[in-house]
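Note that the coordinates shown come from a computational prediction; the quantities given were computed from them, not determined experimentally.
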Amino acid sequence: MTESELKMCIRFKEIRKELGMKQNDFAQEIKLTQGHVSDIENLRKGVSERIIEIICLKFGINEEWFRTGKGAMKNPISDEEQYSINIAKLQRTDNETIIRWVNAIAETKPELLKEIESFMKKILNIEE
């Protein structure tokens, strides 16, 4: 393997770690075996074009960063894109608390939403 291919393997592992995924979970997400992921991370196999494409699309990874190390790891996303991602996650949940919260927020008067947002940011320690 070339030096740039070796560095891509290192960034491959960095992506998995950044996502907080175990090798097996990451492998399932990108349609590989855990052994294949291990081989890439241990520099026994390179990262194919197909794997690069899947990872970049699925996880919003900056392809230039993946290939060269230049720029940020993740592509910036707009508020609208983040909203769509979060709605998709919520649609797949069976957590009753989340379902009740979403329904309550959707049925809340708009003037109260700012107060709820401020309260949530305070208890979650999110800066305004």
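- Scanning all heavy atoms of the two residues, the minimum distance from Lys31 to Arg50 falls at O-NH2, 3.7 Å.
- The CG atom of Asn75 sits 5.0 Å away from atom CG of Asn62, with the distance rounded to the nearest 0.5 Å.
- The side-chain contact (heavy atoms from CB on, under 4.5 Å) check on Glu80 picks up Ser78, with sequence neighbours excluded.
- A distance of 4.5 Å separates CD1 in Ile15 from CD1 in Ile61, rounded to the nearest 0.5 Å.
- Here the straight-line distance linking atom NE2 of His36 with atom OG of Ser48 works out to 6.5 Å at 0.5 Å rounding.
- Here CD1 of Ile105 is found 6.5 Å from CD1 of Ile116. Values are rounded to the nearest 0.5 Å.
- Residue Ile99 is found outside any hydrophobic cluster, as its side-chain heavy atoms come under 4.5 Å of no other Ile, Leu, Val, Met, Phe, Trp or Tyr.
- Residues forming a side-chain hydrogen bond (donor to acceptor under 3.5 Å, both in side chains) with Ser4 (at least two apart in sequence, or on another chain): Thr2.
- By the side-chain contact (heavy atoms from CB on, under 4.5 Å) test, Asn95 is found to be paired with Thr93, Thr97, Ile98, residues two or more places apart in sequence or in another chain being considered.
- Applying the side-chain contact (heavy atoms from CB on, under 4.5 Å) rule to Lys7 yields the partners Glu3, Arg11; only residues at least two apart in sequence or on another chain are considered.
- In this view, Lys74 satisfies the side-chain hydrogen bond (donor to acceptor under 3.5 Å, both in side chains) rule with no residue, not counting sequence neighbours.
- In this structure, CD on Glu14 lies 9.0 Å from CD1 on Ile10, to the nearest 0.5 angstrom.
- There is a side-chain donor-acceptor pair under 3.5 Å between Asn86 and Gln82.
- Under the 4.5 Å side-chain heavy-atom criterion for Ile, Leu, Val, Met, Phe, Trp and Tyr, Leu113 and Leu124 are members of the same hydrophobic cluster.
- Contacts of Asp39 classified as side-chain hydrogen bond (donor to acceptor under 3.5 Å, both in side chains), with partners at least two apart in sequence or in another chain: Arg44.
- Ile123 and Trp101 fall within the same hydrophobic cluster, where Ile, Leu, Val, Met, Phe, Trp and Tyr residues are linked whenever their side-chain heavy atoms come under 4.5 Å apart, directly or through other members.
- Here Arg67 contributes atom CZ and Glu5 contributes atom CD; the two are 11.0 Å apart, rounded to the nearest 0.5 Å.
- Every residue two or more places apart in sequence or in another chain that forms a side-chain hydrogen bond (donor to acceptor under 3.5 Å, both in side chains) with Glu29 is listed here: Lys58.
- Judged as a ring-ring contact (aromatic ring centres under 6.0 Å, His included), the pairs with a partner in residues 6-32 (not counting sequence neighbours) are, in order, Phe12-Phe26, Phe26-Phe59.
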Report the C-alpha distance between Ile87 and Gln91 in whole Å, list the side-chain angles of each, state the deciding distance to 0.1 Å, and finish with yes or no for side-chain contact (heavy atoms from CB on, under 4.5 Å). CA-CA 6 Å; Ile87 289 296; Gln91 287 176 329; 4.0 Å; yes
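- When all heavy atoms of Phe66 and Cys56 are compared, the closest pair comes out as CD1-SG, 3.9 Å.
- Within the structure, salt bridge (Lys or Arg N to Asp or Glu O under 4.0 Å) pairs that include any residue of residues 82-102 do not occur (at least two apart or interchain).
- Side-chain atoms of Thr68 and Met8, non-hydrogen and from C-beta on, never get closer than 4.5 Å to each other.
- Within the structure, side chain to side chain donor-acceptor pair (under 3.5 Å) contacts touching residues 15-27 (residues at least two apart or in different chains) are Arg16-Glu41, Gln23-Gln34, Gln23-Glu41.
- Hydrophobic clustering, with ILVMFWY side chains joined whenever heavy atoms are under 4.5 angstrom apart, groups Ile54 together with Leu19.
- Every residue meeting the side-chain contact (heavy atoms from CB on, under 4.5 Å) condition with Leu57, not counting sequence neighbours, appears here in chain and number order: Glu53.
- Between Cys9 and Leu43, the closest heavy-atom pair is CB-CD2, 3.5 Å.
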